[in-house]
Amino acid sequence: MSSTLTSRSTTRSTDRSADRSTTRHTTQTAAPASVPATGAPAPRGLLPVLLTATFMTALDVFVVNVAIPSLQTDLRAGPAAVQWVVAGFGLALAVGLITAGRLGDRYGRRRTFGLGLALFTLASAACGLAPTAGTLVGARVAQGLAAALMGPQVLAILRTAYSGAAQTRAFAMYGLTMGLGAVFGQLIGGVLIRADLFGLDWRSCFLLNLPVGLAALALVRRCLPESRAPHRPGLDPVGVVLVTLALTGLVLPLIQGRESGWPLWTGLCLGGAAALLVLLTVHQHRRGRSGGSPLVDTRLFRDRAFTTGLLAQLAFWLGQASFFLVLALYLQPGLGLDALGAGLVFTAIGLGYLLTSTTAHRVAARLGRQAIALGGLLMAAGLGLLGLAVHLAGTTGSVWWLAPGLFVDGLGMGLVIAPVTSVVLAGVEPRLAGSAAGLVATVQQVAGALGVALIGILYYGAADPAAAFGRSLGALAVLEVLLAGLVQLLPRRTG
């Protein structure tokens with residue numbers, strides 16, 4: 001009896017000790033994942049380095065559109081080569097993002113980001129010095145692959161280096177930077193080409209990345225904390241092959257299809273991409289259940305905020321690249337503005353965007369998910385005002401009829417870009433940050449290509465530029481209302 005009581009007492013004592021140990025362990029491991037492993041605050045230069053790379057990538061997506069007429073003349077480039085100067089970058093970027101997220105998880109996010117930044121700077125030099133159109137296309141593909149190496153690491157480092165209000169502010173700055181690159185890319189390109197620095201003409205649009213990239217690269221080791229997934233996940237070579245083939249089959253026909261008249265191969269590619277995506281899903285699920293390291297961890301989709309946030313990202317980015325495309329087409333071929341004049345019109349969006357994007361994190365803190373919905377509805381209202389202005393101005397009226405609608409659209413953009421990204425990643429476990437960031441960035445790129453393809457069909461199917469732009473604006477407004485509706489499916493509190 002005595003031994004039994006002693007045994008029970010010992011057991012209870014052991015259980016209490018274990019509970020205390022477990023509590024201490026849980027408290028330690030539940031510390032904000034955003035604090036570096038040393039427990040020190042994020043280095044002061046972390047945000048400038050990451051945002052510099054983000055701005056360079058966003059700028060190079062849009063600035064090339066302004067450079068096309070000059071480089072076409074200088075390099076004697078045919079229509080196919082010119083198209084691939086744009087498409088090669090977008091295709092390589094979209095295809096490489098998910099794999100790049102896994103590389104960061106395995107080998108270190110700072111190391112992968114630094115490699116991507118170095119390659120992007122080198123590829124930019126190759127673009128600016130390209131002697132032929134073929135060389136330029138190859139350099140643009142290299143640029144896209146390098147940008148893919150950087151993109152997921154930026155999001156993953158922001159997720160793991162900051163917590164709480166600091167993380168919200170960091171994502172707000174990320175969204176501001178992306179928007180500035182998109183909104184002012186055409187204006188910056190127009191200014192560079194008009195200035196014709198050192199007689200470089202269009203080449204300055206790419207060579208600008210050299211001093212900026214080298215300066216950022218010098219600060220990478222000093223300013224970025226290293227982080228990786230705790231158990232060094234495997235590369236999943238079968239998953240890499242499947243996702244690369246599937247995304248190539250999906251994005252390539254979306255980029256090339258409209259220009260080529262949607263030939264048979266585009267339909268076959270899209271069908272093959274759908275089949276490969278199904279195979280990828282099955283493979284990832286089986287690999288996860290067997291204890292392996294799937295390239296895309298399906299556990300991410302158990303989180304309602306992540307899944308719904310991805311759908312909201314899809315709706316938002318379907319409209320962004322396509323809106324900038326049809327606006328540029330309306331301003332330049334439609335109204336006859338040159339690149340610099342069209343870029344100046346874009347400043348109306350930029351002013352609205354600056355006004356709200358710098359305070360979006362405060363609005364989101366007060367309104368929660370409804371801040372994104374408010375942004376979507378403001379964008380829909382801005383597009384409605386634009387449609388009315390186009391109806392009044394046609395192709396002969398003053399371009400400044402467009403300013404009020406562009407300004408309101410910019411207000412809405414500023415309320416969406418950072419909060420919708422923060423919502424998707426806020427609740428993701430640090431060990432899944434790279435995989436999640438790769439998925440988010442991939443959705444952005446694929447949605448952009450899909451939006452350009454679909455809105456392009458509407459635009460080019462109309463009789464004149466004014467009617468084409470008006471028709472496109474109607475479809476884009478529907479997307480923004482859809483975004484506001486999707487946001488209602490998010491949890492009331494996310495992250």
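Formation of a donor-acceptor pair under 3.5 Å by the R159 side chain with backbone atoms of V428 is found in this model. For T266 (side chain) and P263 (main-chain N/O), a donor-acceptor pair under 3.5 Å exists by modelled atom type. With hydrogens and angles ignored, the 3.5 Å screen pairs a side-chain donor or acceptor of Q284 with a backbone N or O of L295. In this structure, Q445 contributes its side chain and A441 its backbone to no donor-acceptor pair below 3.5 Å. Looking only at distances, no side-chain donor or acceptor of R110 sits under 3.5 Å from a matching main-chain atom of P225. R140 contributes a side-chain N or O that, together with a main-chain N or O of V85, makes up a donor-acceptor pair within less than 3.5 Å. The closest donor-acceptor contact from the side chain of T347 to the backbone of G343 lies at 3.5 Å or more, if one exists at all. Side-chain N or O atoms of T135 include none that pairs as donor or acceptor with a backbone N or O of P131 at under 3.5 Å. Judged purely by atom type and a 3.5 angstrom limit, Q313 has no side-chain atom pairing as donor or acceptor with the backbone of T308.
Looking only at atom types and distance, the side chain of T57 has no donor-acceptor partner in the side chain of T54 under 3.5 Å away. S422 and Q167 form no side-chain donor-acceptor contact under 3.5 Å, judged by distance and modelled atom types alone.
With a 4.5 Å cut-off on side-chain heavy atoms, M413 and D409 count as touching. Residues L329 and L325 form a side-chain contact, since some pair of their non-hydrogen atoms from C-beta on lies under 4.5 Å apart. Put simply, the side chain of Q320 reaches to within 4.5 Å of the side chain of M379, judged on heavy atoms. In this structure the side chain of D60 never reaches within 4.5 angstrom of the side chain of V64, judged on heavy atoms. A heavy-atom distance below 4.5 Å is found between the side chains of F171 and L425. No side-chain heavy atom of V238 sits less than 4.5 Å from a side-chain heavy atom of R287.
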Requested in this report: With salt bridge (charged side-chain N to carboxylate O under 4.0 Å, His left out) as the test, would you mind laying out the steps for D303 and R299 before giving the verdict?
Outcome: CA-CA 8 Å; D303 180 4; R299 287 174 294 180; over 6 Å; no
Report task. Take R102 and D236, measure what salt bridge (charged side-chain N to carboxylate O under 4.0 Å, His left out) needs, and give me the verdict at the end. Result -> CA-CA 9 Å; R102 170 50 52 87; D236 184 12; 5.7 Å; no
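Minimum interatomic distance between R228 and Y107 (heavy atoms only, all atoms of both residues): NH2-O, 3.2 Å. Of all non-hydrogen atoms in T177 and L51, the two that sit nearest each other are CG2-O, 3.3 Å.
Taking CG of L145 as the reference point, atom CZ of F120 lies at 11.5 Å (rounded to 0.5 Å).
Proximity of the aromatic rings of F346 and F184 is defined here by a centroid distance below 6.0 angstrom, and this criterion is not met.
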